[in-house]
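See below for the structure under consideration.
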There are 2 protein chains.
Amino acid sequence: MFSQTEENYLKCIYLQLEKNAQSLVTTSVISEQMKTTAASVTDMLKRLSGKKLIHYKKYQGVLLTKSGRIKALSIVRKHRLWEYFLVEKLKFQWDEIHAVAEQLEHVASELLIDKLDVFLGRPKFDPHGDPIPDHHGKLSLHRLKNLSLLKPREKGKVAAVVEQDPDFLKHLERLQIQIETPIKVLDKAEFDRSMTISINGSGTVNISYDIAKNILIGK
Amino acid sequence: MFSQTEENYLKCIYLQLEKNAQSLVTTSVISEQMKTTAASVTDMLKRLSGKKLIHYKKYQGVLLTKSGRIKALSIVRKHRLWEYFLVEKLKFQWDEIHAVAEQLEHVASELLIDKLDVFLGRPKFDPHGDPIPDHHGKLSLHRLKNLSLLKPREKGKVAAVVEQDPDFLKHLERLQIQIETPIKVLDKAEFDRSMTISINGSGTVNISYDIAKNILIGK
DNA sequence: AAAAATATTTAGATTAGTCTAAAAATAAGT
DNA sequence: ACTTATTTTTAGACTAATCTAAATATTTTT
Ligand SMILES: [Mn+2]
Ligand SMILES: [Mn+2]
Ligand SMILES: [Mn+2]
Ligand SMILES: [Mn+2]
């Protein structure tokens, strides 16, 4: 029905809309994310628009149509279910899974993904803390606070990570920070916005703002 | 490194070489298997030849080179491991898995396939009884007899099926014939080569030559 | 051994996806 | 408001994979 390339573009547009609160997604943002030229993006936007998957206004940007959103959610669902499988069943590290899931998400079989979902126990969140859309495209939402915004004495558990680059994830691993790890803010420095935190009740470390702002905390 | 299309052609050539005892594989056989035109096959043979994956003699046919064989074996390994996964873990029926594995086999990650192999317990045969090449491309070979060649009184267990069309597999399922099912030949009719067999010690049925010749029996 | 039938290759077109370079539109700076 | 800078689109070209139709090679039949 759709090519892998079309699926990747749709997913990219969906993820950008999620991140930037529904404002139009621009050609340049897509070309940066997809690592292609703006010209290629324009070509693809015309194609997706022709298939009624996006609303495209020249020079302005794009939004997903109803059917575009449904398709995008199904790809995100596959991606995150496979990531869960890779970590929980095959014992991958959370920094190794993205590239593999990037391919697995394109395997087209409703039966496969339904059976995989059952096999995994219908998980609600992937290894990065991102919600896994259910069969109907519904997402479990939990409101999370950005670690960088917590005040001294406040605490919670790591629920998700914003940045998912392997290097960042490996860095968190070295700090012994994973999903579900309890964190407590001990102190904040105003000038560089760095903070001292206690990890898992024991390890006390100072982390930069660049680290803190990419960690999301839940109750 | 290689496109999905190139991988499919390589696998096709490998399977034909296995089946027809190393004689040259012709353009027409490939075009029939791949459901494309002979012209498309010729184009692809030139491409694969250029990449030193096949030995191609115009108008004669092709053989795999060393590196072509290695690549083909790795695709076959992935295909059969995924089939095993689908049946053993996700509870697919053996007639539902081929099309899905046809896509999964193209996911390129050595780490993935090694971890999957370990997760599955390094299986030696896929759900159709075909051998799964190991990490080095080694195949477990068992010599099997074609059921149609067995004489009355001879018996054994179903070890593999030659034909793997879903309709044929569903038919065997209805007869309660699966891999490992004990079979004993009771009688053979000369004129149509049909045979009466006992399935699993109980059910006695008459099967046509077309059925029998597609079932392989092991000790 | 020539004719007929079959198999294979070549020639030329088509589509998806990509790129570079140039043109056009929009946004920013003074 | 006008100039400059940035973003986006268009134009034209390229590769992979496919097809149809025509040409050529091989095999089979007589
Ligand atoms: Mn992808
Ligand atoms: Mn994820
Ligand atoms: Mn395939
Ligand atoms: Mn199989």
Side-chain angles (χ1 to χ4, degrees), chain A residues 1-14 16-17 19-20 23-64 68 71-72 75 102-103 105-108, chain B residues 1-14 16-17 19-20 23-64 68 71-72 75 102-103 105-108:
Chain A
M1 200 61 171
F2 302 108
S3 71
Q4 291 205 184
T5 311
E6 288 170 334
E7 291 188 348
N8 285 333
Y9 273 95
L10 278 179
K11 185 173 57 131
C12 171
I13 293 166
Y14 169 83
Q16 288 305 313
L17 286 170
K19 187 189 292 185
N20 303 324
S23 69
L24 290 173
V25 182
T26 62
T27 299
S28 57
V29 165
I30 298 171
S31 79
E32 193 184 333
Q33 292 289 316
M34 302 285 296
K35 300 186 204 305
T36 50
T37 61
S40 298
V41 174
T42 301
D43 285 347
M44 181 54 80
L45 294 184
K46 286 180 191 163
R47 167 187 313 283
L48 293 175
S49 186
K51 292 192 176 186
K52 308 275 185 220
L53 293 165
I54 60 172
H55 294 296
Y56 170 45
K57 266 202 210 142
K58 266 193 183 181
Y59 291 99
Q60 302 307 304
V62 297
L63 286 178
L64 289 170
K71 182 64 193 167
I75 301 158
E102 199 58 45
Q103 296 179 63
E105 71 191 355
H106 303 293
V107 175
Chain B
M1 200 64 170
F2 302 108
S3 72
Q4 292 204 183
T5 311
E6 289 169 333
E7 292 188 346
N8 284 334
Y9 273 94
L10 278 179
K11 184 173 57 132
C12 171
I13 293 166
Y14 168 83
Q16 288 305 314
L17 286 172
K19 187 190 291 184
N20 303 324
S23 69
L24 290 173
V25 182
T26 62
T27 299
S28 58
V29 165
I30 297 170
S31 79
E32 193 184 333
Q33 291 290 314
M34 302 286 296
K35 298 185 206 304
T36 50
T37 61
S40 299
V41 174
T42 301
D43 285 348
M44 181 55 79
L45 295 184
K46 286 180 191 162
R47 167 187 311 283
L48 294 176
S49 185
K51 293 192 176 187
K52 309 274 185 221
L53 294 165
I54 60 172
H55 294 295
Y56 171 44
K57 267 202 210 139
K58 265 194 185 180
Y59 292 100
Q60 302 307 303
V62 298
L63 286 178
L64 289 171
K71 182 64 193 168
I75 301 157
E102 200 57 46
Q103 297 180 63
E105 71 190 358
H106 303 293
V107 176

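In the text below, chain A, chain B and the rest are named by the order of the sequence lines, each starting its count at 1.
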Among C:dA16, C:dT9, C:dT18, the one nearest any side-chain atom of A:Y9 is C:dT18
Exercise. Would you indicate whether the side-chain heavy atoms of B:N8 and B:M34 approach each other to under 4.5 Å?
Key: yes
Among D:dT10, C:dT8, D:dT9, the one nearest any side-chain atom of A:Y56 is D:dT9
Just N and O in the side chain of B:K58: are any of them under 4.0 Å from OP1 or OP2 of D:dT26? no
Looking only at C:dC19, C:dT8, D:dT9, the nucleotide nearest the A:T36 side chain is C:dC19
Considering only heavy side-chain atoms of B:T37, the closest of D:dT20, C:dG17, D:dT9 is D:dT20
Separation of D:dA17 atom P from B:N8 atom CG, nearest Å, is 11 Å
OP1 or OP2 of C:dT9 less than 4.0 angstrom from a side-chain nitrogen or oxygen of B:K46, does that happen here? no
When rounded to whole Å, the NZ to P distance for the pair A:K57 and D:dT9 reads 13 Å
Across every strand shown, the nucleotide meeting Watson-Crick or G-U wobble geometry with D:dT30 (both distances under 3.5 Å) is C:dA1
A:E7 CD to C:dA16 P, in whole Å, measures 16 Å
Which part of the nucleic acid, if any, lies within contact of A:F2, taking any heavy atom under 4.0 Å across all strands shown: a base, the sugar-phosphate backbone alone, or nothing? nothing
Next item on the list: Classify the nucleic acid contact of B:S28 as base, sugar-phosphate or nothing, counting any heavy atom under 4.0 Å across all strands shown.
Entry: sugar-phosphate
Q) So A:K71 and A:E6, salt bridge (Lys or Arg N to Asp or Glu O under 4.0 Å) or not? Walk me through it. A) CA-CA 10 Å; A:K71 182 64 193 167; A:E6 288 170 334; over 6 Å; no
Rounded to the nearest 0.5 Å, the CD atom of A:Q16 sits from the SG atom of A:C12 at a distance of 5.5 Å
Rounded to whole Å, the CD-C1' distance (B:E32 to C:dA7) equals 13 Å
Distance col, row B:L10:CG vs B:L53:CG, nearest 0.5 angstrom, shows 5.0 Å
Rounding to 0.5 Å, atoms OG1 (A:T27) and NZ (A:K58) come to a distance of 11.5 Å
From OH of A:Y59 across to C1' of C:dA28 the rounded distance in Å is 18 Å
Between CG of A:L24 and P of C:dT26 the distance, given in whole Å, is 14 Å
Assign each of A:S40 and B:T26 the nucleotide of DNA chain C bearing its closest heavy atom; nearer the 5' end lies the nucleotide of B:T26
Whole-Å distance, B:R47 CZ to C:dT9 C1', equals 16 Å
Among C:dT8, C:dT20, D:dA17, the one nearest any side-chain atom of B:M44 is D:dA17
With the side chain defined as heavy atoms from C-beta on, B:D43 is closest, among D:dT20, D:dT8, D:dT18, to D:dT18
When rounded to whole Å, the CD to P distance for the pair B:Q4 and C:dA16 reads 17 Å
Heavy-atom closest pair (A:K11 atom, A:E105 atom, distance to 0.1 Å) is NZ-OE1, 3.0 Å
Among D:dT8, D:dT18, C:dT9, the one nearest any side-chain atom of B:T42 is C:dT9
- prompt: What nucleic acid atoms does B:T5 come within less than 4.0 Å of, heavy atoms only: base, sugar-phosphate, or nothing?
  reply: sugar-phosphate
